[in-house]
Amino acid sequence: MRELTLVEAVNDALHVELERDGSVLVLGEDVGRAGGVFRATAGLLDRFGPDRCVDTPLAEAGILGTAVGLCMAGWRPVCEMQYDAFSYPCLDQLITHVGRYRWRTGGGMDFPITIRMPYGGGVRAPELHDDSPETYYVHTPGVKVAIPATPADAKGLLAAAVRDPDPVVVLEPKLVYRTARGEVPEGEYVVQLGQARLAREGSDLTLVAYGAMVGVAERAADVLEASVEVLDLRTLKPLDEEALLASAAKTGRVVLVQEAPRTCGYAAELAAVLAEKAILDLRGPVLRVTGYDVPYPYWAIEDAYMPSVARVVDAARRLLAFA
Amino acid sequence: MRELTLVEAVNDALHVELERDGSVLVLGEDVGRAGGVFRATAGLLDRFGPDRCVDTPLAEAGILGTAVGLCMAGWRPVCEMQYDAFSYPCLDQLITHVGRYRWRTGGGMDFPITIRMPYGGGVRAPELHDDSPETYYVHTPGVKVAIPATPADAKGLLAAAVRDPDPVVVLEPKLVYRTARGEVPEGEYVVQLGQARLAREGSDLTLVAYGAMVGVAERAADVLEASVEVLDLRTLKPLDEEALLASAAKTGRVVLVQEAPRTCGYAAELAAVLAEKAILDLRGPVLRVTGYDVPYPYWAIEDAYMPSVARVVDAARRLLAFA
Amino acid sequence: MAQVLSGGLRRVIGDGEGVPDGRVDGLDDADLLDLYRSLVLLRTYDERSVVYHRQGRIGTYAIFWNHEAMQVGSAHALADEDWIFPSYRESAIGLLRGIPASTLLSWWRGHPAGWWNPADYNVASICVPIATHVPHAAGLAWGKRLRGESAVAITYFGDGATSEGAFHEGANFAAVMRAPLILFCNNNGWAISTPLAAQTRAETLADKAVGYGMPGVRVDGGDVLAVFEATREAVERARAGEGPTFVEAVSYRAAPHATADDPRAYIDLARVEEEKRRECVGRYEGYLRRLGLLSDEEREEIRSGAAALMREGIARAEAEPAPDPSILFEHALASPPPSFAQDLAELRRILGRTEAGGAASPRPSGPEGAGPEGSV
Amino acid sequence: MAQVLSGGLRRVIGDGEGVPDGRVDGLDDADLLDLYRSLVLLRTYDERSVVYHRQGRIGTYAIFWNHEAMQVGSAHALADEDWIFPSYRESAIGLLRGIPASTLLSWWRGHPAGWWNPADYNVASICVPIATHVPHAAGLAWGKRLRGESAVAITYFGDGATSEGAFHEGANFAAVMRAPLILFCNNNGWAISTPLAAQTRAETLADKAVGYGMPGVRVDGGDVLAVFEATREAVERARAGEGPTFVEAVSYRAAPHATADDPRAYIDLARVEEEKRRECVGRYEGYLRRLGLLSDEEREEIRSGAAALMREGIARAEAEPAPDPSILFEHALASPPPSFAQDLAELRRILGRTEAGGAASPRPSGPEGAGPEGSV
Ligand SMILES: Cc1ncc(C[n+]2csc(CCOP(=O)(O)OP(=O)(O)O)c2C)c(N)n1
Ligand SMILES: Cc1ncc(C[n+]2csc(CCOP(=O)(O)OP(=O)(O)O)c2C)c(N)n1
Ligand SMILES: [Mg+2]
Ligand SMILES: [Mg+2]
């Protein structure tokens with residue numbers, strides 16, 4: 001096995017999946033000639049030609065909308081949205097069509113669309129290059145959502161998304177695109193959707209995270225003077241409820257970490273599941289460490305916005321000290 | 001005081017606010033000549049002329065996008081989205097601009113935009129006339145969200161929205177547009193944002209709801225053999241956390257009701273607040289009665305999708321029976 | 001061949017007086033009668049549907065009276081392999097591809113029996129949000145071309161739809177990808193209550209084609225033969241790899257927008273009366289009669305055939321059992337999560353305790369109904 | 001008056017050889033020198049910014065080298081009351097309205113000192129998402145007209161932006177509302193790596209105006225005088241109540257898209273070299289020299305003035321104290337909820353315990369940075 005960065009693992013997955021299945025095609029802004037602004041699609045144009053790695057016009061609703069039609073013609077489109085916040089123009093297509101079309105056909109037709117994009121903050125970028133938009137996707141029926149934290153999962157989850165018969169959104173944590181390095185299996189490699197990963201075992205407290213926040217949780221666990229479990233969700237929808245509840249039952253203390261604004265963020269969903277199904281297991285409140293309910297700030301102050309190791313440690317200590 | 005229906009109260013509020021403040025204008029599809037497809041804007045064109053009640057081209061992003069510019073020119077635009085699901089094209093403008101522009105100007109410029117729309121299911125309408133999109137709005141920073149359940153609140157909250165210096169989304173429960181009747185104060189009438197309404201006092205269990213679900217909660221309370229409190233939130237953002245926590249502290253049992261799909265719905269946020277701040281008060285799990293995580297169905301089966309009195313009663317009884 | 005009228009409007013059918021009738025190459029007498037059969041089928045469907053709505057047997061319904069020539073003329077220019085992307089205004093166009101009337105009536109009854117698999121008829125699902133299906137059609141057409149298949153696609157939308165970003169992005173994708181697509185604009189002059197003049201300052205909607213680098217043609221939307229001919233040319237271009245065409249069919253909405261709409265507040269009633277007099281089925285009937293191709297008996301036979309089909313359709317639709325609640329969960333995802341089964345089990349438990357099934361009253365306004373319940 | 005070249009491209013500046021220089025009515029010698037001052041100011045800002053980026057003193061930066069003539073020519077055609085809606089490509093256009101260089105440099109340093117109140121300069125905030133500011137500009141212009149004010153607006157966007165739905169909806173609103181707006185398209189041939197031919201099949205971008213029923217004009221984007229003149233005419237139309245105009249200024253992107261971009265993989269390098277030779281500031285300098293309006297001393301004085309302004313600007317920007325965390329909450333809402341104060345108090349408590357402030361390294365890629373950190 002080779003060591004790859006997270007974005008290299010994405011690139012690897014795309015090469016493998018386009019090779020494996022002639023009906024997979026990649027489309028998006030600058031995915032061809034430039035190989036993507038993060039080079040996630042580098043090499044695809046040369047290897048698979050302009051019909052299967054398509055530089056589209058600059059129109060995100062057009063990208064996702066034509067992908068619906070491409071499915072009807074038998075293709076399995078993989079759409080790149082260049083950045084998190086630039087995916088918003090495609091929300092209308094997502095909510096009104098991508099998530100509903102299968103139901104509308106009585107299950108007669110599948111829409112195996114993959115939507116992938118770099119997401120998240122902390123990268124010292126201009127405005128609107130930093131959003132964590134998972135709530136908009138997770139709340140939408142008929143759509144699955146995966147978020148890898150490691151290179152191997154970036155490859156395996158993306159492969160699962162491409163092969164899945166349903167629309168899957170894959171959010172790739174751009175903060176660790178090049179700093180997350182790890183062994184990545186060569187060739188075909190799939191990580192099933194809906195299965196969380198126990199990043200670290202512990203018995204006193206559980207930190208639940210996904211994407212770039214898994215690293216933050218792990219570093220917080222290093223600092224804390226307790227036995228801390230770190231659960232990397234990997235898939236937000238469908239949620240691996242069993243893994244979440246098992247960990248909550250074991251430790252009785254849960255801190256949820258999310259970059260996105262707090263209100264109706266994904267941590268709210270996790271807290272709701274715990275408040276319904278783990279209430280007898282909990283030894284204290286369920287705490288959320290999240291982005292604030294304000295616009296993602298300019299980058300000179302973004303470190304104060306992002307959930308930091310210090311904030312996670314603080315929440316964990318408060319919970320550990322809870323009477 | 002006269003008795004008005006909910007949609008008449010909306011219409012009344014618009015008349016009063018346009019009369020009161022010459023910088024208020026209404027824009028949207030069919031708001032002028034037709035007076036709105038639900039007649040919420042009836043009479044405005046005749047009274048205030050085509051400059052202040054504007055039939056726009058059929059383009060929701062254009063409506064909200066031009067509203068941003070109208071603010072810069074000193075107007076207070078009230079945008080109508082014809083239906084819940086037809087508001088999705090405006091999400092991009094909402095998330096990237098409406099919720100951020102004030103911050104971007106260092107507080108130099110306000111964006112007193114009101115976005116109002118009929119929302120919710122149960123009306124035997126064709127596809128995509130039934131959505132409860134509040135999560136998309138509530139999760140977006142820089143935007144407030146109100147949802148009235150009664151005619152008086154429909155008037156008062158809309159007036160508050162129009163006068164608020166910040167962007168406010170008002171979702172009007174179309175299911176009860178004409179069946180909710182009640183006394184509505186004449187002339188200027190404002191219901192402050194951020195204040196819940198105790199629709200019914202009780203001591204054993206709290207039903208939390210908003211919009212058309214308040215009526216469902218009240219009917220469930222009628223059926224239940226316990227002392228049931230019904231909290232009508234009225235404003236989802238900012239949440240009246242005090243009222244929620246006070247009721248939870250009093251009854252110790254909370255059932256949350258929401259029409260929208262479950263995952264990351266607003267009930268999740270409420271559950272998360274309770275799991276963090278009311279954990280010692282809770283005598284049982286926090287239960288959610290919500291729409292399902294599936295596309296809003298065709299109407300011959302919508303009654304099975306919508307949270308019903310039976311489902312609310314069932315959840316409440318389970319909670320009351322909780323050891 | 002069509003004549004080109006002022007405003008660039010193509011027309012074939014004369015007025016029986018000063019304006020002479022034309023002929024369309026390649027259409028023999030049987031073809032001409034086929035067109036008539038389709039027109040009557042759609043007209044009958046539409047008129048019956050309005051009655052069914054009044055009787056509370058279907059819900060809100062988007063009337064397409066006087067739009068039949070646009071739908072029939074264009075659909076007849078397609079091959080079976082070609083795909084149709086209808087809006088709510090073309091809800092019954094699938095009849096021309098063999099979709100049962102009961103299916104379409106079920107759709108308007110809000111019943112899942114209104115489902116069909118687009119691949120079975122090469123007819124996409126009815127699109128309710130304005131213009132959002134235009135990129136779908138562009139994608140299908142592009143995708144077919146990429147596969148080396150010869151199918152083309154047509155997408156229908158209204159004059160109001162041209163204001164939406166989705167129309168723009170779809171049209172531009174089609175042009176850039178040289179997708180074999182016909183962008184068929186039903187310009188009936190109104191978007192609910194909004195007249196064309198409040199929708200655009202373009203002289204004609206066909207002018208929009210210039211901005212996409214595709215041909216734009218204008219045709220009399222009440223003239224089934226002119227529509228057929230113009231669409232056929234666009235289909236030929238598309239099939240030859242020359243890319244999309246914008247067809248503007250000019251008509252006038254002589255009926256309410258939908259059953260929930262009352263246009264008297266905004267429409268020009270004199271113009272409506274005029275349009276009713278020159279409505280498209282009658283115009284074509286006159287043409288056939290002048291050619292001696294339609295006898296009273298044939299006319300009656302065709303009409304009663306269509307009426308029988310509708311009677312059977314509504315009977316079947318009404319005979320559909322109330323949908324089972326499982327239908328909520330069954331087709332949302334090809335690989336559903338475990339929560340679906342749990343939710344369904346709980347729902348069944350609760351419904352079992354109260355009443356059976358979730359069948360709603362077919363009346364669009366339930367006890368708490370909001371009235372004009374769908375602008376569609 | 002401008003000459004019209006093939007492709008309908010207007011041009012005033014000659015080539016010093018076969019093509020003669022023109023003159024623009026109403027511009028006296030002082031005006032001509034003003035244009036030059038503005039060009040040098042923007043050029044200096046741009047070149048210095050690229051250096052500051054390399055030095056790690058500002059973050060990702062969107063280079064506008066060779067776009068100065070489009071920005072200066074058009075902005076000079078406006079009155080002070082007129083509003084400017086820039087994209088990231090016109091990030092420094094506010095310099096021409098008196099926004100301090102330090103403010104703009106702070107914006108690129110991700111610092112809230114980069115904020116300004118649009119109403120102070122009639123310059124909207126820099127728009128990062130493509131084309132989404134076009135409806136803002138349409139709304140502002142429409143709103144001014146509704147108030148009976150005489151201000152017009154201009155919005156800048158690129159060739160790629162014309163593919164977005166937001167461009168379409170904004171342009172159409174402007175046309176329908178007869179908004180006094182100039183839709184100024186910087187057609188530099190590329191949207192990052194995507195060439196114009198992959199963006200549209202239209203013969204020219206100005207053709208898009210037809211579909212909105214507004215005039216479309218094409219101008220040589222490297223010719224500051226032709227741009228000025230074309231924009232002035234559009235401004236006059238707008239101010240006279242005749243509605244919007246689409247101006248396509250044709251240029252070529254001779255620099256990377258932004259500092260994070262490496263165009264060698266996709267661009268035509270020979271064409272870039274050619275464009276560099278005919279870059280717009282040099283072209284205008286030649287024009288002024290041929291007219292005898294620019295001496296070496298004046299040139300040096302203007303250049304060194306601009307350089308001094310930049311030195312002062314960057315010094316001020318760098319002297320800004322790290323923003324206080326309260327800035328996160330302070331301006332998000334005019335009437336904030338109580339939770340903001342609670343969140344800030346908690347944050348302060350935690351930051352107090354660890355390190356002070358939230359000041360980030362100005363280097364765009366932090367320890368965990370992702371590299372090409374902003375396509376902008
Ligand atoms: C995105 C969206 N916005 C609004 C509506 C509500 N609506 C339904 S039909 C209609 C008017 C459409 O007019 P046009 O495109 O001319 O088509 P026509 O109905 O005249 O055939 C509107 C506004 C909708 N269905 N979708
Ligand atoms: C909605 C949106 N999608 C994608 C991007 C990423 N992006 C930034 S600049 C750019 C290309 C813009 O090209 P063009 O409109 O020609 O303007 P230019 O940069 O050439 O001036 C893209 C795709 C964005 N900023 N916004
Ligand atoms: Mg119409
Ligand atoms: Mg460009």
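Keep in mind that this is a model prediction, so the values were computed, not measured. Naming: A, B, ... by sequence-line order, numbering from 1 per chain.
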Legend entry - Heavy-atom pairs under 4.5 Å with chain B, option from D:A334, D:P337, D:G143 with the top count: D:A334

Inset, instruction - Under 4.5 Å, counting heavy-atom pairs only, tell me which of B:G65, B:G106, B:G62 racks up the most with chain D. - result: B:G106

Inset, instruction - Go through D:P118, D:A138, D:A174 and name the one with the most non-hydrogen pairs under 4.5 angstrom from chain B. - result: D:P118

Inset, instruction - Counting only heavy atoms closer than 4.5 Å, note whether B:L58 contacts chain D via side chain, backbone, both or neither. - result: neither

Inset, instruction - Heavy atoms only: give me the nearest B:K277-D:Q342 pair and the separation to one decimal. - result: NZ-OE1, 4.4 Å

Legend entry - Under 4.5 Å from a heavy atom of chain D, the part of B:D110 involved: side chain

Legend entry - D:L140 side, atom CG; B:W75 side, atom CH2 - distance, nearest 0.5 Å: 13.0 Å

Inset, instruction - Provide the closest heavy-atom pair for D:K144 versus B:A73 in the form atom of the first, atom of the second, distance. - result: N-CB, 3.8 Å

Legend entry - Least distance between heavy atoms, D:S335 atom then B:D164 atom: OG-OD2, 3.9 Å

Inset, instruction - Report yes if the side chains of D:P135 and B:V68 come closer than 4.5 Å at any heavy-atom pair, otherwise no. - result: no

Legend entry - Distance in Å, D:F173 CZ paired with B:T56 OG1, rounded so as to fall on 0.5 Å steps: 4.0 Å

Inset, instruction - Quick one: closest heavy-atom pair of B:Q93 and D:T132, and the distance? - result: NE2-O, 2.9 Å

Legend entry - B:F111, part contacting chain D, at a heavy-atom distance under 4.5 Å: neither

Legend entry - Contacting moiety of B:K144, where chain D heavy atoms sit under 4.5 Å: side chain

Legend entry - Any side-chain heavy-atom pair of B:T66 and D:M177 under 4.5 Å: no

Legend entry - Check: D:L146 and B:L25 side chains under 4.5 Å, non-hydrogen atoms: yes

Legend entry - Least distance between heavy atoms, B:R104 atom then D:S125 atom: CD-CB, 3.6 Å

Inset, instruction - Verify the neighbour count for atom CD of B:E242: are there more than 12 heavy atoms of other residues, nucleotides or ligands below 6.0 Å? - result: no

Inset, instruction - Go through B:A67, B:G74, B:G194 and name the one with the most non-hydrogen pairs under 4.5 angstrom from chain D. - result: B:G74

Legend entry - Per-residue contact mode, B:L27 against chain D (heavy atom under 4.5 angstrom): side chain

Inset, instruction - Would you mind checking which part of D:A332 comes under 4.5 Å of any heavy atom in chain B, side chain (CB onward), backbone (N, CA, C, O), both or neither? - result: both

Inset, instruction - Verify the neighbour count for atom CZ of D:R316: are there more than 12 heavy atoms of other residues, nucleotides or ligands below 6.0 Å? - result: no

Inset, instruction - Could you look at B:P57 and say if it's the side chain, the backbone, both or neither that has a heavy atom under 4.5 Å from chain D? - result: both

Legend entry - B:G108 versus D:N117, closest heavy-atom pair with distance: O-ND2, 3.0 Å

Legend entry - Rounded distance (nearest 0.5 Å) linking atom CD of D:E169 with atom CG of B:L64: 10.5 Å

Legend entry - Region of D:A124 that comes under 4.5 Å of a non-hydrogen atom in chain B: both

Inset, instruction - Side-chain contact test, heavy atoms from C-beta onward, threshold under 4.5 Å: evaluate it for D:W142 versus B:V54 and give yes or no. - result: yes

Inset, instruction - Mind running side-chain contact (heavy atoms from CB on, under 4.5 Å) on B:H97 and D:C127 for me, showing each step along the way? - result: CA-CA 9 Å; B:H97 291 297; D:C127 186; 3.6 Å; yes

Legend entry - Under 4.5 Å from any heavy atom of chain B - which part of D:L181: neither

Legend entry - Winner by heavy-atom pair count (cut-off under 4.5 Å) against chain B, out of D:H168, D:E330, D:R147: D:R147

Inset, instruction - Measure the spacing between NE2 of D:H136 and CE of B:M72 and express it to the nearest 0.5 Å. - result: 7.0 Å

